[in-house]
Amino acid sequence: MDNLWRDNEAAGLAGLDLLAYRSRLIGRDPDLVLWGGGNTSLKQTETDFRGRAVRVMRIKGSGSDLKTIEPAQFPGIRLDDIEPLLQRDAMSDEEMVAWLVRCLVEPGSARPSIETLLHGFVPHPHIDHTHADAILALTNTADGRRHVEAVYGREAIWIPYRRPGFRLSREVADSARSRPEARCVVLEKHGLITWGQTARESYDATIEINTRAEEYARERGRGRAVFGAPARPSLSLSERRRVFRRLAPCLRGLLSGAPAGAGSPGPPIERVVLRFDDGQDILDFIGSEAGPQLCLAGPATPDHLLYVRPRPMLVDAAWPAGPPSPADEAPLREAIASALQKYADWYRLYVRKHGGEPPVRPAPRVVLLPGVGMVAAWKDARHTRMVADMYRHTVRVVGMAQGIGEYRSLGLQDTYDVESWPLELYRMSLAPPEKELARRVALVTGAAGGIGRAIARRLAAEGCHVVAADLDGDKADAAAAEICEAQGPERAVGVRMDVADEASVEAAFDAAVASYGGLDVLVSNAGIALSAPIDRLELKDWRRSLEVNATGHFLSARAALRIMKEQGLGGSMVFIASKNVLAPGKDFGAYSASKAAQTQLARILAIEGGEAGIRVNIINPDAVFQDSNLWSSGVREERARAHGIKPDELEDFYRRRNLLGARVFAEDVAEAAFWLASDRSAKTTGCILTVDGGVREAFPR
Ligand code: ZN
């Protein structure tokens, strides 16, 4: 394990700044802590609001992440207020939380970590607490205590597993005080506590002690097939991706609670997005002799539990080879449905057995597909990354533990106690509330400019994952990057897509499924505008207009429809047509006729999609100039000529022509698209919505 401390970086830092520096070094190493796990603290003398010197402990606040933590994210606790608790024998969680809130130096600061007393009771000024893989590998074995003693002798204090809280803090405090020569505390099936007189000393101890555990695990595991012999060969890379592509929509639908049959009652749908991971570590694990059995064991530490749940779901099937065929679909669906049923039955039994009320629809966060890979399923791309990271580290811990002895997870009662523990649930509740289009996936064509880009931005701002498709792949990537910048990493992907090319369209929808597991919204927007009177209109321009403005929408909608039907979660398609469909304009024959074909296609789709809950609606905008590729200078000149005005008078001409005298912006169209994409318009399909400032000749009728 690398020691990342650099004197030149730490020089000049002190107090909270140095604590933040050290914390970020720890947070940077996923083998030490993952995604908000672990905590660090510092005890120092501060001056309070009345100018008095007080002893204060600064500790990571609940909801922050060591990787990115800032000095302001360490609430202060007055040590004089918590040290008297050492005289107590017991304290309930509720009382402890209420007590700690009263000890805060700054009222209203973030709630201090659940493990605050554990830091506060240990007398050393600098403390690191990690959930390191190598330490877990030692403790999560049949004979954990013996291995810890073999590595550290008297340097480490062993504390048997206990859920974090007052009792655990007392046990750590008592043993640390009675064994002043010890350098660390090892918490069974939980993690490590190290300390130092200086920040550097504490960090160095964390690295050194973990490195020794890693070396021990490596030594013991040398030459051992830790998961047994390979039992199920992995498919090739392209086959693995192909199998995921084929089963993802169905898997996403079932995990999201798609009703088993049309009209069958069930709990409301709660969508998930999927992340596929076929790393070699995962393939080796689930393709091994022992993998399918080992994966039923529980998590390595309470910290991972609320992300990965007590166990993953294993789906085993004869993965279909070759090109997709409808004959494969039923067996795949059957395999997933039966695995899910088994998982739900087990989960309900487990909860009931431990005195709880089972959730309406227990669903796994990790799905293992032997020979293919792992699928993480949760509310958004950020959380599926967390789940995947946690599970990969679980596999690492299991592997190391198997090398040392035999992996032992948290027991089921302990697992249940953590899962139902209000303080952990509070930690999860710190996430901001979900937005209206959270958990959904949209593909927007023509997303690099004008109306498409405004819609992509708007849907993303409402929580949607967006696949930004455009003929210009670089610009599509730029549009996606802009969304990720504003809404968080991985919330959008860019993809090059020629709507008139069948293979290109299929590839773009494959990319949507590969990225997020499925699709809920299609915004079929890409289009071209060629302007010429019919007697001068060239056949190639007429054909090109139909290819893009009619066939392009057909190909996109067909691909979307297939995915949506496989998912069984309904869906929404929004077609960006034109005012010209209802009020055709002079010299716009190719454009208006092809847009009319698009509109009629959308109406047929509304008829055919209704039974599957797929809504299809049309927006007729007019004269949206801003940032648009549609209005090339040639088109502007042609349209100006058709109206008998100068090109630079076009905006004003269109504005004056509508009833409201309004200029229409891309954002106005995006507002309508959001409404049609969301459940706000749940009872609307086959509808034309105008966004044109009111053009009398173009009233739908
Ligand atoms: Zn912990």
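Whatever order the structure lists them in is the order used to number ligands and atoms, beginning at 1.
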For [X], side chain to side chain donor-acceptor pair (under 3.5 Å) partners two or more places apart:
X: Asp7; answer: Trp5, Arg200
X: Tyr161; answer: none
X: His465; answer: none

If you take the centroid of each ring, where Trp contributes its six-membered ring, are His129 and His190 closer together than 6.0 Å?
yes
Sphere of radius 2.8 Å around the Zn ion (ligand 1) - protein N, O or S atoms inside
Glu115 OE2, His129 NE2, His131 NE2, His190 NE2
For the pair Arg183 and Glu208, find out whether any cationic side-chain nitrogen is under 4.0 Å from an anionic carboxylate oxygen.
yes
Please give me the minimum heavy-atom distance between Phe121 and Ala173, naming the atom from each residue.
CB-CB, 3.2 Å
